[in-house]
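We count residues from 1, following the sequence as given. Every heavy atom of this structure was used, including side-chain atoms; hydrogens, water molecules and symmetry mates were not.
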Amino acid sequence: MADYRDGPGPRTGPEVSETAGATTEPFAECVLCREPTEYPESHKGVTLCPVCEWQEAQRTSCSG
């Protein structure tokens, strides 16, 4: 039985149907932990994975 803390396996790319004619682009990596993010590599600015994004939101919301 898998431990719930293991989470899903690494993401390899966006879920895009090849029949839609869209090109697949790899996900950018998180600037803090280097895990895949929800953003494509062409996304400008700081990219954070969902976990680091949530932790950063917690830190900034409690900083007063």
Between P40 and A28 the two heavy atoms that sit nearest each other are O-CB, 3.6 Å

Minimum heavy-atom separation for E41 and F27, please, with both atom names. CG-O, 3.6 Å

Which residues pass the side-chain contact (heavy atoms from CB on, under 4.5 Å) test with E56, not counting sequence neighbours? L48, R59, T60

Same hydrophobic cluster for L32 and V46, using side-chain heavy-atom links shorter than 4.5 Å among ILVMFWY? yes

Quick one: closest heavy-atom pair of P36 and P50, and the distance? O-CD, 4.4 Å

Between the NE2 atom in H43 and the CD atom in E25, the distance rounded to the nearest 0.5 Å is 11.5 Å

Apart from W54 itself, what residues make up its hydrophobic cluster when side-chain heavy atoms of I, L, V, M, F, W and Y under 4.5 Å apart count as a link, directly or indirectly? none

Donor-acceptor contact present, side-chain T47 to main-chain E29, <3.5 Å: yes

